[in-house]
> 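Let me begin by handing over the structure; questions about it come next.
What you see is a predicted model, and the numbers here were worked out from it, not measured in a lab. Remember, it's 1-based here, ligands and their atoms both numbered in the order they're listed. What you see below is based on every heavy atom in this structure, not just the backbone, and it leaves out hydrogens, waters and symmetry mates.
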Amino acid sequence: MASFEDVAHRLRRASHVVALTGAGVSAASGIPTFRGPDGLWKRVRAETLATPEAFANDPKLVWEWYDWRRGMVQQAQPNQAHDVLGRWTRERAGFTLVTQNVDGLHERAGADRLVRLHGSIWHVRCSKPCDAGRADWLDATVPQPRLPPMCPHCGGFVRPAVVWFGEPLDPEVLSRASRAAAAAEVFMVIGTSSVVYPAAGLVHHARRHGAFTVELNTEATAISIDVDASFIGPAADSLSRLDAAVRS
Ligand code: BV8
Ligand code: ZN
């Protein structure tokens, strides 16, 4: 397994670096992860709420869950992990930040270029095929005055502009992430359990194209045996240390 200094050295020399983030990056901001001990899915099963069937069956219940999450995220602040990654997007031309997170904390930490694989909890779209409501729009109202919110164009229900289980990712977004992974000299997997596909497949795609792969997580995961370097610890600490080492 490579050392911290080795990874910092590679990051210093690399012209193409990709970081894929998951819920663990927002944990230090007080946002519960999905599958951790206090995870979001512990109290609610993903199949019951983050699916189109759940929304069709009980849009009010699904919106109660998202309204609660939006309220929690609105109160949260980005942490040092978001800050380091946000600065890398601004300062490193060849750096691509890809996230599974929908909370908007990378954007609030100044990430000016971001590939959002699973959409945004702050955007909505009409659940009907109505023309005016087809494109996502920003709706940061917390709490929503009525659940589920109604489409202003057709009166149908509005839904969160996120990718639910069983729904395809936006092909253009996935293609951007795949191209970046294939070009990466260093591919970092930060704060994700790497169980959700196709996002979890990106690190293997990067490896097949010769990337040096690094995992930052508080525990071992499904991909820990596959990566070239794995550092156990909070993402905020590991990223701050790596950032300092790269700049020294
Ligand atoms: C697709 C919604 C195909 C937004 C999410 C059966 C039917 C249908 C599909 C499938 C199926 N079986 C399998 C699939 C594929 C499925 C999938 O992968 N399922 C898994 C569960 C097996 N994938 C899909 O359905 C995808 N779509 O395949 O479509 C298709 C093609 C054509 C036509 C039709 C269909 C869609 C996947 C997206 C699902 N939506 N969220 C929302 O409400 O959030 S996924 C959900 O999980 C979140 O978005 C989250 O980002 C994502 C991944 O979770 P993580 O981020 O990794 O979070 P987790 O809690 O798991 O882990 C946190 C990690 O952090 C832990 O490792 C922990 O140790 C670590 N950590 C904690 N604290 C820290 C830390 N690390 C560092 N520092 C810390 N401080
Ligand atoms: Zn509509």
Side-chain angles (χ1 to χ4, degrees), residues 20-42 44-55 62-63 65-66 68-70 73 79-82 98-106 116-135 137 148-171 173-174 188-203 215-224 230-240:
L20 168 68
T21 62
V25 164
S26 297
S29 298
I31 309 295
T33 61
F34 290 88
R35 297 168 186 86
D38 62 345
L40 277 174
W41 296 149
K42 279 281 171 291
V44 290
R45 296 292 308 141
E47 301 77 54
T48 51
L49 291 180
T51 67
E53 295 76 19
F55 186 80
V62 172
W63 258 107
W65 187 50
Y66 278 92
W68 170 71
R69 287 174 63 191
R70 286 158 53 106
V73 173
N79 64 69
Q80 258 189 317
H82 297 110
V98 180
T99 190
Q100 300 172 87
N101 298 344
V102 298
D103 57 28
L105 290 178
H106 281 306
R116 276 194 312 228
L117 295 176
H118 297 159
S120 160
I121 203 169
W122 296 113
H123 290 74
V124 296
R125 76 169 83 97
C126 181
S127 60
K128 293 263 176 290
C130 91
D131 287 342
R134 189 183 301 274
W137 68 88
M150 309 297 277
C151 170
H153 311 290
C154 74
F157 293 143
V158 158
R159 60 162 281 177
V162 298
V163 181
W164 280 328
F165 286 98
E167 291 186 321
L169 276 64
D170 177 318
V173 169
L174 186 53
M188 305 176 78
V189 190
I190 309 171
T192 178
S193 57
S194 292
V195 299
V196 173
Y197 283 80
L202 290 170
V203 64
E215 181 180 37
L216 306 182
N217 201 303
T218 43
E219 60 187 19
T221 69
I223 62 155
S224 298
S230 173
F231 300 107
I232 300 293
D237 300 355
S238 301
L239 279 168
S240 306

> Out of all atoms in ligand 1, which are within 4.0 Å of some heavy atom of H118? Include the element for each.
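Near H118, the atoms of ligand 1 are 38 (C), 45 (S), 49 (O), 51 (O).
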> With no hydrogens and no angle check, is any side-chain donor or acceptor of W122 less than 3.5 Å from a backbone partner on D103?
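Here the side-chain-to-backbone pair exists.
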> Would you mind running through ligand 1 and noting each atom that sits below 4.0 Å from a heavy atom of G22?
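Once the distances to G22 are compared, the set is 56 (O).
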> In terms of the angle between their ring planes, are Y66 and W164 parallel, tilted or perpendicular, with boundaries placed at 30° and 60°?
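Correct class here is tilted.
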> Taking the minimum heavy-atom distance to atom 3 (C) of ligand 1, which of R35, E215, E167 ranks first?
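Going through R35, E215, E167 one by one, E167 has the nearest heavy atom to atom 3 (C) of ligand 1.
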> Looking at P148 and W63, what are the two nearest heavy atoms and their distance?
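Heavy-atom minimum between the residues: CB-CD1, 3.5 Å.
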> Any N or O on F34 sitting closer than 3.5 Å to an N or O of ligand 1?
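By distance alone, the answer is yes.
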> Got an N/O contact under 3.5 Å between T221 and ligand 1?
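Such a contact does not occur with ligand 1.
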> Heavy-atom pairs closer than 4.0 Å: do any link ligand 1 to the side chain of V102, the backbone, both, or neither?
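Looking at V102 and ligand 1, just side chain atoms fall under 4.0 Å.
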> Looking only at distance, does W164 have an N or O less than 3.5 Å from an N or O of ligand 1?
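By distance alone, the answer is no.
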> Where the Zn ion (ligand 2) is the centre, what is the SG-to-SG angle for C130 and C151, rounded to 10°?
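Computed angle, vertex at the Zn ion (ligand 2), rounded to 10 degrees: 110°.
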> Apply side-chain contact (heavy atoms from CB on, under 4.5 Å) to the pair F157 and F55, showing each step before the final yes or no.
CA-CA 10 Å; F157 293 143; F55 186 80; 4.1 Å; yes
> Provide the number and element of each atom of ligand 1 under 4.0 Å from a heavy atom of E219.
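Close to E219: 69 (O).
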> Below 4.0 Å, non-hydrogen atoms only: which portion of V25 touches ligand 1? Side chain, backbone, both or neither.
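None of V25 does.
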> Does the N or O separation between G191 and ligand 1 drop below 3.5 Å for any pair?
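Between G191 and ligand 1, an N or O pair is found under 3.5 Å apart.
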> Check A23 against ligand 1 and report side chain, backbone, both or neither, counting heavy atoms closer than 4.0 Å.
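The answer is both, backbone and side chain.
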> Could you tell me, atom by atom, which parts of ligand 1 come under 4.0 Å of a heavy atom of A27?
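This gives 73 (N) as the contact atoms.
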> Step by step, would you call H118 with V162 a side-chain contact (heavy atoms from CB on, under 4.5 Å)?
CA-CA 5 Å; H118 297 159; V162 298; 5.7 Å; no
> Which atoms form the tightest heavy-atom contact between S230 and S224, and what is the distance?
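Here S230 and S224 meet closest at OG-OG, 4.4 Å.
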> Within a strict 4.5 Å, meaning less than it, do heavy atoms of the E53 and F165 side chains meet?
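In short, these two side chains do not touch, never coming nearer than 4.5 Å.
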> Is a side-chain N or O of S26 found less than 3.5 angstrom from the main chain of S29, in a donor-acceptor match?
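No.
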> So which of P234, P168, A235 gets nearest to atom 31 (C) of ligand 1, if we judge by its closest heavy atom?
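Among P234, P168, A235, the closest heavy atom to atom 31 (C) of ligand 1 belongs to P168.
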> Just jot down the ligand 1 atoms closer than 4.0 angstrom to any heavy atom of V195, in number order.
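Selected atoms, number and element: 18 (O), 20 (C), 22 (C).
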> Do any N/O atoms on Q100 end up under 3.5 angstrom from N/O atoms on ligand 1?
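Yes, since at least one N or O of Q100 sits under 3.5 Å from an N or O of ligand 1.
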> Is it the side chain, the backbone, both or neither of V162 that has a heavy atom closer than 4.0 Å to ligand 1?
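Side chain only.
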> Measure from the Zn ion (ligand 2) to each N, O or S atom of H153 and report whether any distance is below 2.8 Å.
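No - counting backbone and side chain alike, H153 has no N, O or S atom under 2.8 Å.
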> Pick from Q100, E215, R35: which one makes a side-chain hydrogen bond (donor to acceptor under 3.5 Å, both in side chains) with T192?
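The single option meeting the side-chain hydrogen bond (donor to acceptor under 3.5 Å, both in side chains) with T192 is Q100.
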> side-chain contact (heavy atoms from CB on, under 4.5 Å), that's the test. Do L117 and L20 meet it? Break it down for me.
CA-CA 10 Å; L117 295 176; L20 168 68; 4.0 Å; yes
> Can you check whether V163 has an N/O within less than 3.5 Å of an N/O in ligand 1?
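Yes: some nitrogen or oxygen of V163 is under 3.5 Å from one in ligand 1.
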> Side chain or backbone of R69 under 4.0 Å from ligand 1, or both, or neither, by non-hydrogen atoms?
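Side chain only.
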> Are the side chains of V189 and S194 in contact, using a 4.5 Å heavy-atom criterion?
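Heavy-atom side-chain distance check passes, below 4.5 Å.
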> Do the side chain of W65 and the main chain of A50 share a donor and acceptor less than 3.5 angstrom apart?
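No, because the side chain of W65 does not come within donor-acceptor range (under 3.5 Å) of the backbone of A50.
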> Who gets closest to atom 68 (C) of ligand 1 by heavy atom: N217, T33, L49?
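Going through N217, T33, L49 one by one, N217 has the nearest heavy atom to atom 68 (C) of ligand 1.
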> In a check of side chain to side chain contact (heavy atoms under 4.5 Å, CB included) between I31 and each of N79, L105, N101, which one passes?
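The single option meeting the side chain to side chain contact (heavy atoms under 4.5 Å, CB included) with I31 is L105.
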> Rounded to the nearest 10°, what angle sits at the Zn ion (ligand 2) between SG of C154 and SG of C126?
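Roughly 100°, rounded to 10°.
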